Protein chains: 2
Amino acid sequence: MRGFSQSLPMALLRAREAVMRQFRPNLRKHDLTEQQWRILRALAAVEAIDVTELARVAFLLGPSLSRILRDLDARGLIERQTDTNDLRRGLLSISPKGLKLIAQVAPTSEAIYAAIAARYGVRRLDELQKMLVDLEASLAGDLLVAERE
Amino acid sequence: MRGFSQSLPMALLRAREAVMRQFRPNLRKHDLTEQQWRILRALAAVEAIDVTELARVAFLLGPSLSRILRDLDARGLIERQTDTNDLRRGLLSISPKGLKLIAQVAPTSEAIYAAIAARYGVRRLDELQKMLVDLEASLAGDLLVAERE
DNA sequence: CGCCGAAACTTAACATGTTAATCATTTGTG
DNA sequence: CACAAATGATTAACATGTTAAGTTTCGGCG
C-alpha cells in the first residue's frame with residue numbers, strides 16, 4: 001500500500017498548514033479566523049453578493065457560512081439585507097468597520113505573502129499555483145467512470 | 001490587495017478538496033473519516049507507537065487524536081496499552097479487526113489514486129509532490145525574522 | 001387560483017481543528 | 001529525598017467541516 005506521508009492529500013495538507021501557520025498569528029491579533037478573513041476579503045471585492053455566491057467564491061459550505069455570517073454581523077463587520085425580488089435570498093456587503101479592519105490586517109498579510117514568495121521563489125510559486133489549479137480542473141468530472149458524450 | 005482566488009492557501013485548499021472528494025465516498029462506505037483512515041494506515045505500518053509519535057506521522061493535533069482514538073478503541077479497531085517504562089505514555093497498535101477493515105478499503109483507495117495519477121500525469125504528479133514538500137521545508141523557520149547564527 | 005417540487009438558507013448533529021487548561025508522571029536539581 | 005519544571009496525554013471550550021433535515025419563498029402547472 002502507498003506510503004503514508006507520500007500520499008497526495010497529506011502533502012497538500014502539510015503544505016497548506018505550513019503556509020497558514022505564517023498567517024494565523026496576524027489574523028489572531030485581530031480576532032479573525034482564516035474563514036472570517038476569506039469572507040471579509042470576498043465582500044470587499046464586490047458591491048453586494050448573495051449567500052450562495054459567497055459560499056462559492058469563499059469556498060465554504062452553507063452551514064459554516066451561515067454561522068460565520070451571524071458572528072460577523074453581530075460584530076458589525078458586515079451588513080445584511082434581503083433581496084427585494086426574492087425574499088429567500090440574503091444580500092451581503094461589507095460595513096465601514098469591516099473595511100477598516102481589512103485595512104489594518106492587509107499590510108502585514110501582504111508582507112508575509114511576499115516573504116513566502118521570496119523564500120520559495122516567485123517563479124516557482126507561480127508554477128506551483130498553476131499546477132494546483134490544473135489538478136483541481138483535472139478532477140472535475142467523475143474519476144472511475146468514463147465520461148461519454 | 002492580492003486577488004482572492006489566486007491566493008496560495010486557497011489554491012492548496014481547493015486542490016486538496018478536489019482530491020479528497022474522490023476518496024471520501026469509499027471511506028464513508030466503511031464509516032471512516034479521513035482522519036480515522038490516516039490513523040489506521042499509520043498504525044498498520046508499525047508494531048506499536050505512542051500517541052505523540054502517531055500525532056506527528058498522522059499530522060493530527062493531540063486533542064483531535066485523543067478523541068479519535070477513543071472512538072477507534074470503542075469500535076475495536078485498535079488496541080491500547082500503557083508503556084511499562086513510562087506510565088504517561090500510551091502505546092497503540094492496530095487490531096486484527098482493524099487490519100481486516102484496511103484490507104477492505106485499500107484496494108478501491110489505490111484504484112482511485114491510480115486514476116488521479118493517470119489523469120493528471122504520473123510524472124507531473126510526482127513533480128507536484130516534490131514542490132509541495134519543498135514549500136513546506138522552505139517555511140520551516142521564522143519568516144520575517146532573519147535567522148542569524 | 002392552488003398545489004407541488006425546487007431553490008435558498010438555516011438549523012441540527014456529530015466530527016475535527018485549534019488553543020488553553022488540567023492531570024498524572026517523570027526528570028533534573030538542590 | 002523533596003520539589004519544581006518538564007513531558008505525555010486528556011479534557012474543555014469554541015470555531016469550522018460535513019451531511020441531513022427543516023423552513024420559507026419561488027415557479028411552474030393543472
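All chains are named by letter (A, B, ...) in the order of the sequence lines, taking the proteins before the strands, and each is independently numbered beginning at 1. Source: prediction; values computed, not measured. Just so you know, these numbers use all the heavy atoms, side chains as well, and skip hydrogens, waters and symmetry mates.
In this model, the phosphate group of D/dT18 is approached by a side-chain N or O of B/Arg24 to a distance below 4.0 Å at OP1 or OP2. Regarding contacts with the backbone of C/dG17, a side-chain N or O of B/Gln35 is found under 4.0 angstrom from either OP1 or OP2. OP1 or OP2 of D/dT10 lies within a sub-4.0 Å distance of a side-chain N or O belonging to B/Arg80. Dashed line: the shortest gap from a side-chain N or O of B/Thr52 to OP1 or OP2 of D/dT7 is not under 4.0 Å. One finds no side-chain N or O of B/Ser64 lying less than 4.0 angstrom from the OP1 or OP2 phosphate oxygen of C/dT16.
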Would you be so kind as to tabulate the donor-acceptor pairs closer than 3.5 Å made by side chains of residues 42-54 of chain A, with sequence neighbours excluded?
unit_1  : atom_1 : unit_2  : atom_2 : d
A/Asp50 : OD1    : A/Thr52 : N      : 3.1
A/Asp50 : OD1    : A/Glu53 : N      : 3.1
A/Glu53 : OE1    : A/Arg56 : NE     : 3.3
A/Glu53 : OE2    : A/Arg56 : NH2    : 2.9

Taking distance alone, no hydrogens or angles, what donor-acceptor pairs closer than 3.5 Å link side-chain atoms of residues 81-90 of chain B to residues at least two apart or in another chain?
unit_1  : atom_1 : unit_2  : atom_2 : d
B/Asp83 : OD1    : B/Asn85 : N      : 2.6
B/Asp83 : OD1    : B/Asp86 : N      : 3.3
B/Asp86 : OD1    : B/Arg88 : N      : 3.0
B/Asp86 : OD1    : B/Arg88 : NE     : 3.1
B/Asp86 : OD2    : B/Arg88 : NH2    : 2.9

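If you take CZ of B/Arg16 and C1' of D/dG17, they are 12 Å apart, rounded to a whole angstrom. The distance between atom CZ of B/Phe59 and atom C1' of C/dG17, rounded to the nearest whole Å, is 12 Å. Atom CD in A/Glu17 sits about 17 Å away from atom P in C/dT16, given to the nearest Å. As rounded to whole Å, 14 Å separates atom P of C/dG17 from atom CZ of A/Arg21. Atom C1' of nucleotide C/dT16 and atom CG of B/Leu61 are separated by 10 Å, given to the nearest angstrom. Between the CD atom of B/Gln36 and the C1' atom of C/dG17 there is a distance of 15 Å, rounded to whole Å. When rounded to the nearest whole Å, the span between CG of B/Leu92 and C1' of D/dT10 equals 13 Å. Straight-line distance from the CG atom of A/Leu91 to the C1' atom of C/dC9: 13 Å, rounded to whole Å.
For the pair B/Asp126 and B/Lys130, the salt-bridge criterion is met [side-chain N within less than 4.0 Å of a carboxylate O]. Under 4.0 Å is where a charged nitrogen must lie from a carboxylate oxygen, and between B/Glu127 and B/Arg123 no such pair does. With respect to B/Glu136 and A/Arg16, no salt bridge is recorded, no charged nitrogen being found less than 4.0 Å from a carboxylate O. The pair A/Asp31-A/Arg75 does not count as a salt bridge, with every side-chain nitrogen at least 4.0 angstrom from each carboxylate oxygen.
Between A/Met131 and B/Tyr120, the shortest heavy-atom distance links the atoms O-OH, 3.0 Å.
The residue among A/Asp71 and A/Leu87 whose nearest nucleotide of DNA chain D is located toward the 5' end is A/Asp71.
To the nearest 0.5 Å, atom CZ of residue B/Arg80 and atom CG of residue B/Leu91 are 10.5 Å apart.
Among the protein residues, B/Leu65 comes within range of no part of the nucleic acid, since none of its heavy atoms lies under 4.0 Å from any strand. Here A/Thr33 lies in heavy-atom contact (under 4.0 Å) with sugar-phosphate atoms only.
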Could you list, one pair per line, each protein nitrogen or oxygen that sits under 3.5 Å from a nitrogen or oxygen of nucleotides 3-7 of chain C, together with the distance?
unit_1 : atom_1 : unit_2  : atom_2 : d
C/dA7  : N3     : A/Arg88 : NH1    : 3.1

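When distances are taken from the side chain of A/Asp86 to each of D/dT25, C/dT16, C/dA20, the shortest belongs to D/dT25.
In the interface, the side chain of B/Arg67 is paired with the base of C/dG17 through a donor and an acceptor atom under 3.5 Å apart.
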